[in-house]
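Heads up, the thing below is written out as structure tokens.
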Amino acid sequence: MKIGLVGLGKMGSNLAQNMMDNGHEVVGFDLNKDFVKEVAGFGAEAATSLDDLLSKLPSPKVVWLMLPAGKPTESTVATLTEVLSAGDYIVDGGNSFWQNSVADAKKAEAKGINFFDCGTSGGQSGARHDGNFMIGGTSAEAFETLKPIFEGIAQENGYLYTGAAGSGHYLKMVHNGIEYGMMEAIGEGFDVLEHSDFDYDNEAVARLWNSGSVVRSWLMELAQEAFSKDANLEEIRGTMHSSGEGKWTLQEALNQEVPVPVISLALMMRYRSMENDTFTGKVVSALRNGFGGHAVDKIK
Ligand SMILES: O=C(O)[C@H](O)[C@@H](O)[C@H](O)[C@H](O)COP(=O)(O)O
């Protein structure tokens, strides 16, 4: 199949190579010309604009987006919905908010365009080989056309058509909520070890836990790899950025009145990590001092 891939950053470029390895042709476009050059070097056909990309695709056209969630994806989907024809396909492979996907699908489907929201997991290595894909969209019947692509680029059992548009990105959102909780628990465990009176070797512990223990996992393997390069992670700060999916999971859980204490605290810890000091801390410290005369740490 010939696929138009828009967005050739780390994920898009790896996905392009994965698609080509699996016998598909890729026409690639990115606003960054260097990225286009790079995938052309791997054998993809280079497009100079979105229009150029579309002109190089046979009908029905399959246009796959690997763009940052939010404006870049939304504006590209809006343009594609205008210019594509009934029977064409849009696949949003980014981390879009699921309600945006529901709205995008509605507009596309009103013109007869098939819309699929595809949560993509497995990081950069998953995009390159044996990825994991959670796909909602227009219909199971329309999905049959895209199936051969997923058969090749996903690992065995690594893709699922989950039903109506929005359900793919909804599932990816919850997946990432779980990811927040798991990573926070791993981080906290190593923090306790770090503060203990014993002298643990973090890399050796991660390797041990990866060798048959209950908490063996890809995340633990990544921890092992990180500790192998920097035994106590002295070179990196503990600020934990977030792109929104943990927040969306919590918001959805609140809407549905589902208790998610672990995910919500993991998210709060990410926010806390972004501040050196907190106003909460100052207020609590002042109050302790007020009622109990407890010491406060002065800034100067
Ligand atoms: O499953 C995955 O491969 C990851 O979840 C991937 O999609 C990405 O690394 C996260 O979106 C980061 O999310 P945060 O920036 O919110 O941690």
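Each ligand, and each atom within it, is numbered from 1 in the order the structure gives. In what follows, residues are counted from 1 in the order of the sequence shown. The model shown is predicted, which means the values in this text are computed figures rather than measured ones.
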So CG of D104 and OG of S96: to nearest 0.5 Å the spacing works out to 7.0 Å
Counting each atom of ligand 1 from 1 as listed, which ones have a heavy atom of [X] under 4.0 Å away?
{"X": "G123", "value": "3 (O)"}
{"X": "Y180", "value": "14 (P), 16 (O), 17 (O)"}
{"X": "S242", "value": "15 (O), 16 (O)"}
{"X": "R270", "value": "14 (P), 16 (O), 17 (O)"}
{"X": "H175", "value": "1 (O)"}
{"X": "S243", "value": "13 (O), 14 (P), 15 (O), 16 (O)"}

I'd like to check the side chain to side chain donor-acceptor pair (under 3.5 Å) partners of K56; sequence neighbours left out, ordered by chain and number.
D52
What protein heavy atom lies closest to [atom]? Include the residue and the distance to one decimal.
{"atom": "atom 5 (O) of ligand 1", "result": "E179 OE1, 2.8 Å"}
{"atom": "atom 2 (C) of ligand 1", "result": "S121 OG, 3.3 Å"}
{"atom": "atom 6 (C) of ligand 1", "result": "K172 NZ, 3.8 Å"}
{"atom": "atom 8 (C) of ligand 1", "result": "N95 ND2, 4.2 Å"}

Any protein heavy atom at under 4.0 Å, with atom 11 (O) of ligand 1 as the reference point?
yes
Tell me whether K111 at atom NZ has more than 12 heavy atoms from other residues, nucleotides or ligands lying less than 6.0 Å away.
yes
Kindly assign one of parallel, tilted or perpendicular to the pair Y161 and F143, based on the angle between their ring planes and the thresholds 30° and 60°.
parallel
Pair N14-K10, side-chain donor/acceptor within less than 3.5 Å:
no
Going by the 4.0 angstrom heavy-atom rule, the piece of M173 near ligand 1 is neither
Ring pair (Phe, Tyr, Trp, His ring centres under 6.0 Å) partner of W64, chosen from Y89, F115, F150, F29:
F150
With a cut-off of 3.5 Å and sequence neighbours excluded, list every side-chain donor-acceptor pair involving residues 256-273.
from	atom 1	to	atom 2	distance (Å)
Q256	NE2	E252	OE2	2.9
S264	OG	P261	O	3.4
R270	NH1	H241	O	3.0
R272	NH1	E275	O	2.8
S273	OG	M240	N	2.7
S273	OG	R270	O	2.7

I'd like to know if E144 and K147 make a salt bridge, using a cut-off of under 4.0 Å between side-chain N and carboxylate O.
yes
Taking distance alone, with no angle check, do G122 and ligand 1 share an N/O pair under 3.5 Å?
yes
